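For clarity, every value in this text was computed on a predicted model and none was experimentally measured. Each chain gets a letter, A, B and so on, in the order the sequences are listed, and its residues count up from 1.
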There are 2 protein chains.
Amino acid sequence: MAKSTSKEAISAEEKIKAAARKVFTQKGYAATRTRDIVEEAGLNIALLNYYFRSKEKLFEIIMLEKMQEFFGIIIPFLHDETTTLDKKIEQITNRYIDMLLQNPDMPIFVLSEIRNNNGLFKKIQVGKILQSSHFVRQLKEKQPGVQPLHFIASMLGMIIFPFVSKPVFKSAGVLNEHGFATMMEERKKLLPKWIKAMLGTK
Amino acid sequence: MAKSTSKEAISAEEKIKAAARKVFTQKGYAATRTRDIVEEAGLNIALLNYYFRSKEKLFEIIMLEKMQEFFGIIIPFLHDETTTLDKKIEQITNRYIDMLLQNPDMPIFVLSEIRNNNGLFKKIQVGKILQSSHFVRQLKEKQPGVQPLHFIASMLGMIIFPFVSKPVFKSAGVLNEHGFATMMEERKKLLPKWIKAMLGTK
DNA sequence: GTCTATAACCTGATAGAC
DNA sequence: GTCTATCAGGTTATAGAC
């Protein structure tokens with residue numbers, strides 16, 4: 001059945017999915033109980049199993065969704081043949097930070113669940129997509145000596161790592177929620193400069 | 001009782017601790033069963049409870065140990081008043097990568113467990129140590145406009161992020177175990193150059 | 001479709017023999 | 001100190017009423 005587009009109330013199925021998104025990404029698969037999810041949704045366990053068969057099946061749906069978002073968001077920019085390398089760096093930085101500010105728990109969730117369960121991830125062809133991208137071709141032209149992987153790992157590290165270590169900042173009293181958001185907004189300006197500076201070295 | 005320094009066989013207590021280190025860091029607290037730990041140690045559950053009282057108490061011991069290593073390793077370099085900023089960057093990069101190559105699962109373990117359980121972490125005064133360090137004073141002199149936090153987040157991101165995303169590289173077929181180690185060895189040379197290039201921008 | 005009650009299983013922890 | 005057997009509690013999943 002196609003999803004209704006009218007303004008009618010959200011279905012139980014959708015409520016459970018939304019709750020699962022929230023709880024799974026916050027606590028991870030192993031630490032979440034089906035009870036946590038249905039309580040968050042204001043429903044009961046029977047409904048979860050009625051719609052999704054099992055905790056594991058529900059998790060797969062959420063996990064695939066999150067991996068798609070996490071890895072998919074920069075693909076259009078990587079393949080854009082009309083933009084310069086510098087422009088791509090700016091777009092990726094801005095777009096990624098914006099998306100992660102909406103989903104701050106996503107990186108640590110996706111990365112730690114892939115550690116626990118590489119099976120699900122293999123469906124996504126990250127390696128091939130990257131290697132065949134216009135972005136990597138441009139990188140090789142600009143810096144023939146350096147593996148693009150090194151550059152990409154650095155760029156993504158600068159963007160994503162603050163989200164992964166956000167709980168550390170908060171617990172250590174270095175940053176609160178608002179301070180973190182401000183910092184990431186500043187980084188949208190700062191990182192492209194730093195990333196381009198890396199390209200200037202030999 | 002002081003730990004024996006002779007070459008006698010490893011005690012059951014030490015065997016369980018070693019097994020716990022391995023299993024907890026690989027799977028995280030929630031996903032490990034006490035049975036996993038004692039099987040790894042070749043012993044039985046009763047021993048675990050005899051020596052450590054509970055799964056949680058054993059976990060706390062391992063977790064404190066790992067946090068100490070993860071956050072503590074760079075402190076001596078941060079406070080060294082005899083070295084230049086450039087030298088510190090080289091030392092931190094080299095030393096951190098070496099340690100993480102020995103403990104590749106450590107970053108994702110420590111960071112995801114802090115997310116789940118900030119209580120344990122609060123005992124370590126990361127924020128104060130950082131702010132009062134010679135390293136941060138040197139940074140402020142060199143780049144008065146930029147928050148040291150931005151710089152540190154970038155530097156640590158470039159160093160640590162590859163370890164956090166290692167399962168992605170492996171599952172995606174981009175790198176195998178040996179390729180990853182090679183890449184990190186290359187990064188010991190590459191990162192100091194890139195990090196210093198960031199300092200040169202305004 | 002939704003709910004309550006319960007089954008079936010798993011996991012951490014302990015009792016008690018050696 | 002070490003082990004086997006077992007308990008107590010919690011968790012997922014389902015049966016069956018509405």
Report summary line: When rounded to whole Å, the CZ to C1' distance for the pair R35(B) and dA13(C) reads 10 Å
Report task. Grab the CG-P distance between N49(B) and dT6(D) for me, whole Å please. Result -> 18 Å
Query raised in the report: Looking at N94(B), L101(B), L100(B), which hits side-chain contact (heavy atoms from CB on, under 4.5 Å) with I97(B)?
Result: L101(B)
Report summary line: Picking from dA13(C), dA13(D), dC3(C), the nucleotide nearest the side-chain atoms of K55(B) would be dA13(C)
Query raised in the report: I16(B) has an atom CD1; how far is it from atom C1' of dG1(D), in whole Å?
Result: 11 Å
Query raised in the report: Relative to the 5' end of DNA chain D, which residue comes earlier, A46(A) or L47(B), by the nucleotide with the nearest heavy atom?
Result: L47(B)
Query raised in the report: For S11(B) and L48(A), take the nucleotide of DNA chain D holding the closest heavy atom to each; which residue's nucleotide lies nearer the 5' end?
Result: S11(B)
Query raised in the report: When rounded to the nearest 0.5 angstrom, what distance separates CE in M158(B) from CZ in R187(B)?
Result: 6.0 Å
Report summary line: From CG of D36(A) across to P of dT11(D) the rounded distance in Å is 8 Å
Requested in this report: State the CG-CD1 distance between L130(A) and I152(A), to the nearest 0.5 angstrom.
Outcome: 4.0 Å
Requested in this report: Look at the side-chain N and O atoms of T34(B) and state whether any lies under 4.0 Å from the OP1 or OP2 oxygen of dG12(C).
Outcome: yes
Query - Residue-phosphate contact under 4.0 Å: Y50(B) side-chain N/O, dT14(C) OP1/OP2 - result: no
Report task. Would you mind reading off the distance between E39(B) atom CD and dT4(D) atom P, rounded to a whole angstrom? Result -> 13 Å
Query raised in the report: For the ring pair F52(B) and F59(B), is the centre-to-centre distance below 6.0 Å?
Result: no
Requested in this report: Provide, to the nearest angstrom, the distance between the OH atom belonging to Y51(B) and the C1' atom belonging to dG12(C).
Outcome: 19 Å
**Report entry** S154(A) side, atom OG; L191(A) side, atom CG - distance, nearest 0.5 Å
**Finding:** 11.5 Å
Query raised in the report: Would you say R33(B) reaches dT11(C)'s phosphate, i.e. side-chain N/O to OP1/OP2 under 4.0 Å?
Result: yes
Report task. Whole angstrom is fine here: how far is it from CD1 in I45(A) over to P in dT11(D)? Result -> 9 Å
Query raised in the report: For the pair made of CG in N44(A) and P in dT4(C), what is the distance, rounded to whole Å?
Result: 6 Å
